[in-house]
Amino acid sequence: MADVPAEIDAWALALTTELEERGENLTNGSPADSDSRFAYERMGDAGIIGLGWPTELGGREMDPIDVVKMEERLGYHWLPLCGYLLSVKTIGNAVLQFGTHDLISRFIPDVAVGRIMFCQGFSEPEAGSDLASLRTKATKDGDRWIVNGTKIWTSSAEIADWMYIAVRTDPTLPRHKGLSVMLLDMHAPGVEVDVHETLGGGTFGEVRLSDVAVDVNNVLGDVNGGWKVLLGSLDYERVTSEKVGVALWVVDQLDEVAAPHHRRLLLALRGELEACRRLGHEATRLIAQGERVSRVSSTCKLSVSLAMQKAAALSVEILGPGALVERGPDARAAGRLAAFHRASASMTLAGGSCDIQRKVIAQQGLGLPR
Ligand SMILES: Cc1cc2nc3c(=O)[nH]c(=O)nc-3n(C[C@H](O)[C@H](O)[C@H](O)COP(=O)(O)OP(=O)(O)OC[C@H]3O[C@@H](n4cnc5c(N)ncnc54)[C@H](O)[C@@H]3O)c2cc1C
């Protein structure tokens with residue numbers, strides 16, 4: 001990664017140190033799962049947010065592949081990135097792609113300075129992999145939509161300002177056709193957030209929505225045309241370069257203590273991670289060209305998930321049970337290896353399950369029948 005400016009590394013290291021000094025918990029999951037509003041605001045202050053966005057919206061018009069390379073380094077340095085990954089990499093980019101001029105100018109400049117944080121409200125008790133079965137309903141009432149339903153697994157719900165939410169706007173249409181995506185104010189009357197702790201060490205929100213009003217101008221794309229918006233934003237989400245960075249950090253830690261036969265396994269894993277990195281760059285290039293990309297973004301997401309799980313298993317093989325000690329003098333790398341191990345299990349589900357990625361690759365990449 002010699003072509004990523006050294007100052008990003010220095011800046012990220014300094015912020016990690018500052019967060020540790022503030023007593024922030026950097027091991028509540030891997031960097032992709034853990035969150036800090038303070039870190040997000042610092043990123044905004046430093047101009048790290050929206051580097052690829054237009055200058056008039058607060059960005060720097062950087063090449064999208066350079067942005068992805070920078071995200072890899074942020075993961076490598078264990079910055080708590082959940083807010084950034086949702087608000088910037090996924091939702092910010094989707095608002096730019098699908099939002100009206102009004103939505104873009106109302107939201108993007110505030111995201112670029114770290115002032116607005118989003119969460120993503122897709123999953124529901126009866127809708128995970130089969131997202132098109134979601135039941136949260138939005139009913140038109142004059143110049144607003146009235147939203148009722150429950151969202152679960154909502155990362156960062158307790159600290160987010162807005163939810164990027166998928167709702168059913170026309171129950172009479174076929175499942176995929178009656179959906180819309182809109183921006184819902186998390187501080188509006190009728191929004192209730194319960195926080196649940198996870199085995200991964202982090203938290204999830206369960207968000208209950210009772211008669212929550214959403215301005216009609218807050219819809220992304222066409223009303224009832226939400227499926228296209230959802231697929232587009234999942235493509236951004238599934239380019240997971242930050243996880244390549246975290247996994248490379250693990251490999252670097254293990255390399256320092258590994259015996260020669262383990263070094264060979266680590267070398268093979270480095271090769272896999274290099275392939276993941278290139279897949280991420282390829283998906284990013286295709287998205288920037290406006291091409292259909294799901295087969296590549298799903299390959300990217302699946303391969304990073306499997307590589308993370310391989311790195312986690314290798315950490316136990318090389319270090320023994322010590323790799324799983326979370327705190328105290330025996331914790332390796334201040335508990336980060338244990339946090340990584342826990343978080344790697346959730347990669348089977350987060351961002352769409354491994355089975356679903358295989359399905360997308362089979363159907364859209366290989367042209368196999370449904
Ligand atoms: C760390 C983490 C963070 C998350 N953050 C968010 C968030 O911020 N916002 C949000 O909306 N959601 C979030 N999720 C939820 C995530 O998107 C869902 O867990 C995922 O889509 C799977 O849905 P499910 O859990 O309901 O499992 P299910 O859909 O019930 O699947 C259960 C099992 O069945 C398999 N399966 C299901 N359907 C098929 C099929 N057609 N073919 C083959 N196998 C199938 C799955 O692969 C899985 O193994 C998060 C999840 C995790 C773990």
Side-chain angles (χ1 to χ4, degrees), residues 28-35 75 80-92 94 117-136 149-167 175-176 179 181-184 186 193-209 226 229-231 233-238 240 242-243 246 297-298 301-302 304-306 308-309 312 339-364 368-370:
N28 52 351
S30 86
D33 311 304
S34 68
D35 221 342
L81 287 177
C82 186
Y84 171 89
L85 298 174
L86 287 168
S87 307
V88 183
K89 188 189 84 166
T90 304
I91 297 164
M117 198 183 242
F118 283 102
C119 61
Q120 180 166 281
F122 291 178
S123 305
E124 298 181 2
E126 304 298 330
S129 300
D130 185 14
L131 189 53
S133 65
L134 66 86
R135 294 181 183 174
T136 293
T150 301
K151 295 290 176 180
I152 57 170
W153 295 99
T154 317
S155 307
S156 302
E158 68 277 26
I159 55 171
D161 307 296
W162 290 83
M163 177 182 273
Y164 179 80
I165 186 174
V167 292
R175 284 166 10 113
H176 294 80
L179 303 176
V181 176
M182 46 186 76
L183 303 182
L184 177 148
M186 290 295 282
V193 180
D194 276 345
V195 178
H196 301 287
E197 291 188 4
T198 70
L199 288 175
T203 56
F204 277 122
E206 175 181 353
V207 185
R208 278 188 299 280
L209 305 163
V229 180
L230 287 174
L231 295 187
S233 43
L234 286 173
D235 283 336
Y236 289 115
E237 184 176 3
R238 289 173 181 167
T240 47
E242 71 290 343
K243 296 190 182 73
V246 190
S297 57
S298 284
K301 158 73 177 61
L302 176 64
V304 176
S305 301
L306 298 178
M308 276 180 78
Q309 291 174 346
F340 177 84
H341 196 282
R342 277 190 272 111
S344 70
S346 73
M347 290 305 296
T348 299
L349 285 173
S353 78
C354 287
D355 294 324
I356 295 303
Q357 309 314 316
R358 290 188 179 99
K359 239 178 102 175
V360 173
I361 295 163
Q363 289 169 3
Q364 295 185 29
L368 296 176
R370 280 172 183 271

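Worth saying up front: this structure is predicted, and the values here are computed from it rather than measured. Atoms within each ligand, like the ligands themselves, are counted from 1 in listed order.
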Novice: Can you check whether a protein heavy atom sits less than 4.0 angstrom from atom 43 (C) of ligand 1?
Specialist: yes
Novice: Taking N or O atoms only and a 3.5 Å limit, does D355 qualify as a polar contact for ligand 1?
Specialist: yes
Novice: Which residue, R238, Q309, K243, forms the side-chain contact (heavy atoms from CB on, under 4.5 Å) with V304?
Specialist: K243
Novice: Does atom 17 (O) of ligand 1 have a protein non-hydrogen atom under 4.0 Å from it?
Specialist: yes
Novice: Distance check, rounded to the nearest 0.5 Å: K89 atom NZ versus Y236 atom OH?
Specialist: 12.0 Å
Novice: What protein heavy atom sits nearest atom 20 (C) of ligand 1, and how far off is it?
Specialist: L349 O, 3.6 Å
Novice: For atom 41 (N) of ligand 1, state which one of K359, M347, R370, E237 supplies the nearest heavy atom.
Specialist: K359
Novice: Between Q120 and T90, do the side chains contain an N or O donor and an N or O acceptor separated by less than 3.5 Å?
Specialist: no
Novice: Verify the contact flag for atom 12 (N) of ligand 1, where contact means a protein heavy atom under 4.0 Å away.
Specialist: yes
Novice: Going by the atom numbers of ligand 1, which of them fall below 4.0 Å from some non-hydrogen atom of Q120?
Specialist: 7 (C), 8 (O), 9 (N), 10 (C), 11 (O)
Novice: Looking only at non-hydrogen atoms, which of F118, W153, F122 approaches atom 14 (N) of ligand 1 most closely?
Specialist: W153
Novice: Out of S129, S123, S346, indicate the one that has the non-hydrogen atom closest to atom 29 (O) of ligand 1.
Specialist: S129
Novice: Among all the protein's non-hydrogen atoms, which is closest to atom 46 (C) of ligand 1, and how far away is it?
Specialist: S353 OG, 3.4 Å
Novice: Ignoring angles and geometry beyond distance, decide whether A350 reaches within less than 3.5 Å of ligand 1 through its nitrogen or oxygen atoms.
Specialist: no
Novice: Among all protein heavy atoms in this structure, tell me which lies nearest to atom 26 (O) of ligand 1, with the distance rounded to 0.1 Å.
Specialist: G128 CA, 3.3 Å
Novice: Under 4.5 Å between any side-chain heavy atoms of M186 and D161, yes or no?
Specialist: no
Novice: For K301 and S305, which I'm curious about, is there any donor-acceptor pair between the side chains at under 3.5 Å?
Specialist: yes
Novice: Check whether any side-chain heavy atom of C119 lies under 4.5 Å from a side-chain heavy atom of Y164, and answer yes or no.
Specialist: no
Novice: So if I count the atoms of ligand 1 from 1 in the order they appear, which ones are less than 4.0 Å from some heavy atom of S155?
Specialist: 3 (C), 4 (C), 5 (N), 6 (C), 7 (C), 8 (O)
